Amino acid sequence: MSAGSDLVRRSAADLADALASGETTSVELTRACLDRIAQVDGAVHAFLHVDAEGALAQAAASDARRAAGRPASALDGVPIAVKDVLATEGLPTTCGSRILEGWVPPYDATVVARLRAAGLPILGKTNMDEFAMGSSTEHSAYGPTHNPWDLDRIPGGSGGGSSAAVAAFEAPLAIGTDTGGSIRQPGAVTGTVGVKPTYGGVSRYGLVALANSLDQAGPVTRTVLDAALLHEVIGGHDPKDSTSIDAPLPALVEAARQGAAADLSGVRVGVVRELGGEGYQAGVQQRFDEAVQLLVGAGAEVVEVSCPSFVHALAAYYLIMPSEASSNLARFDAMRYGLRVLPETIDNPSAEEVMRATRDAGFGDEAKRRIILGTYALSSGYYEAYYGQAQKVRTLISRDFEAAFGQADVLVSPTAPTTAFPIGEKLDDPLAMYLNDIATIPANLAGVPGVSVPAGLAPEDGLPVGFQVLAPALADDRLYRVGAALEALLEKEWGRPLLGLDKLDHRIPEVTR
Ligand code: GLN
């Protein structure tokens with residue numbers, strides 16, 4: 001193995017140390033990631049756009065800062081990939097949709113601006129389900145991403161590109177967004193770490209909205225500590241986002257380091273009765289149960305908690321999310337951004353006719369489905385029965401969380417009910433697709449933070465299983481403490497780092513991009 005192929009396998013924390021000690025440079029590291037992308041992304045298709053030139057220029061600037069003794073942050077020089085739903089000045093931003101093909105934003109999302117200010121070279125933009133609607137990345141207008149564990153399977157969604165890029169060692173770090181599970185579920189099925197921060201904890205400015213009251217950007221990484229390091233770069237108050245919380249972030253990196261000591265004495269862990277059991281793959285449930293036992297072994301006090309309204313979370317989500325999405329997607333009107341299709345059969349078409357032709361050609365089936373669902377749920381006469389009812393369920397879910405957090409410091413469940421399924425299997429069955437997020441959606445509805453940590457491979461298919469930890473709003477540090485403890489306990493159990501990702505090499509063929 002060349003030096004470059006060793007470098008891409010290391011954690012971001014480790015790379016930050018290697019940069020600080022002068023063992024490597026950001027240019028060398030960025031080049032190693034770009035080489036890896038060139039080697040494997042033809043098979044994985046995690047990226048929609050790679051910015052080799054821009055990333056190398058940022059890397060050179062980082063090396064100059066280091067040489068001058070003025071690194072901008074702990075992660076200065078560590079490259080990152082960004083989900084294509086965040087606006088990047090000068091770089092295409094498609095949201096996985098034809099309707100935004102060719103759009104180059106004139107500004108950076110706050111998350112992206114913070115990455116740049118902290119010195120992280122941006123490798124490119126990652127693939128996603130169109131406008132973040134989906135659980136498999138198959139709804140991307142630019143073709144699916146393949147799971148590095150088995151290229152015939154989905155990498156989860158909507159942020160399958162970010163998670164696959166990190167799992168395939170194309171990038172040590174990535175940014176995802178999570179409206180109903182799109183960071184955590186891809187994390188689960190690709191064997192990576194994914195964090196959905198507290199709603200309002202990370203700025204949504206420049207994040208193209210799917211559902212404003214649910215969307216949240218967060219870290220996609222290979223270790224819990226790396227997620228904490230990245231979360232501290234992107235998190236915190238932003239006056240440009242009116243839903244951003246004006247409170248200091250808890251000490252996330254410190255919590256992850258504390259967790260790594262794997263001492264959970266005094267920590268109460270609540271197993272959510274409604275998120276597990278029937279409907280969950282046997283091997284997923286088995287790995288989850290074993291992980292809970294490891295936490296017990298580390299001193300945690302485990303209790304069972306019940307959140308009865310969680311059984312209605314999926315139904316409420318699929319009214320609230322399409323309602324917000326249908327109103328958000330109204331801005332793609334063929335006049336302001338991206339695609340404009342002129343109807344061939346009409347001379348001198350009106351603005352409305354251009355809009356209709358553009359939206360017909362520019363939106364995929366899932367986007368259209370949700371526009372119809374949302375418009376229906378918001379229509380007069382049905383508003384109270386659908387949207388109004390769903391909002392009431394949302395309140396009940398928040399109350400269930402409050403009660404459960406009275407009994408436990410964190411709640412845990414499997415992240416997703418199954419391991420990665422074959423590409424194509426659920427494409428024609430929207431309800432089966434929606435069920436992937438059954439365990440992740442409650443957190444979005446209540447605004448609480450969650451992490452998915454790899455919990456080993458399911459015995460029946462050898463594919464990754466995710467373990468979800470949920471904490472009260474603004475207590476994101478608890479995710480890192482318990483997540484890092486679980487990671488350390490599993491590593492001790494298996495005697496190897498990075499939770500099985502080291503097994504991946506023989507599964508990813510080199511297919512030049
Ligand atoms: N899979 C869910 C959906 O399709 C969640 C998507 C997301 O979190 N962006 O809406």
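Just so you know, ligand 1 is whichever comes first in the structure, and atom 1 is the first atom listed for that ligand. Source: prediction; values computed, not measured.
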Derivation of the ring pair (Phe, Tyr, Trp, His ring centres under 6.0 Å) call for Y142 and F47: CA-CA 10 Å; Y142 304 98; F47 283 87; over 10 Å; no

Residues E402 and R399 bridged, charged N to O under 4.0 Å: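 A salt bridge is absent here (no side-chain N lies under 4.0 Å from a carboxylate O).
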
Electrostatic pair K368-D360, nearest N-O below 4.0 angstrom: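 Result for this pair is yes, salt bridge flagged.
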
Using a 4.0 Å cutoff against the non-hydrogen atoms of [X], which atoms of ligand 1 qualify?
X    : value
S158 : 9 (N)
S182 : 5 (C), 6 (C), 7 (C), 8 (O), 9 (N)
G180 : 5 (C), 7 (C), 8 (O)
A132 : 6 (C), 7 (C), 9 (N)
L210 : 9 (N)
D437 : 1 (N), 2 (C), 5 (C)
Y317 : 2 (C), 3 (C), 5 (C), 6 (C), 10 (O)
Y318 : 2 (C), 3 (C), 4 (O), 10 (O)

Taking distance alone, with no angle check, do [X] and ligand 1 share an N/O pair under 3.5 Å?
X    : result
G157 : no
S135 : yes
M133 : no
T177 : no
D178 : no

CZ-CH2 distance between R336 and W103, expressed to the nearest 0.5 angstrom: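 Rounded to the nearest 0.5 Å, the CZ-CH2 separation comes to 11.5 Å.
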
Donor-acceptor contact present, side-chain E232 to main-chain V253, <3.5 Å: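 Side chain of E232 to backbone of V253, a donor-acceptor pair under 3.5 Å: yes, one is there.
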
F332 and Y337 aromatic ring geometry - parallel, tilted or perpendicular at 30°/60° bounds: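 Y337 vs F332 ring planes: tilted.
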
Min heavy-atom dist E366 to ligand 1 below 4.0 Å: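 E366 does not count as a contact of ligand 1 under the 4.0 Å cut-off.
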
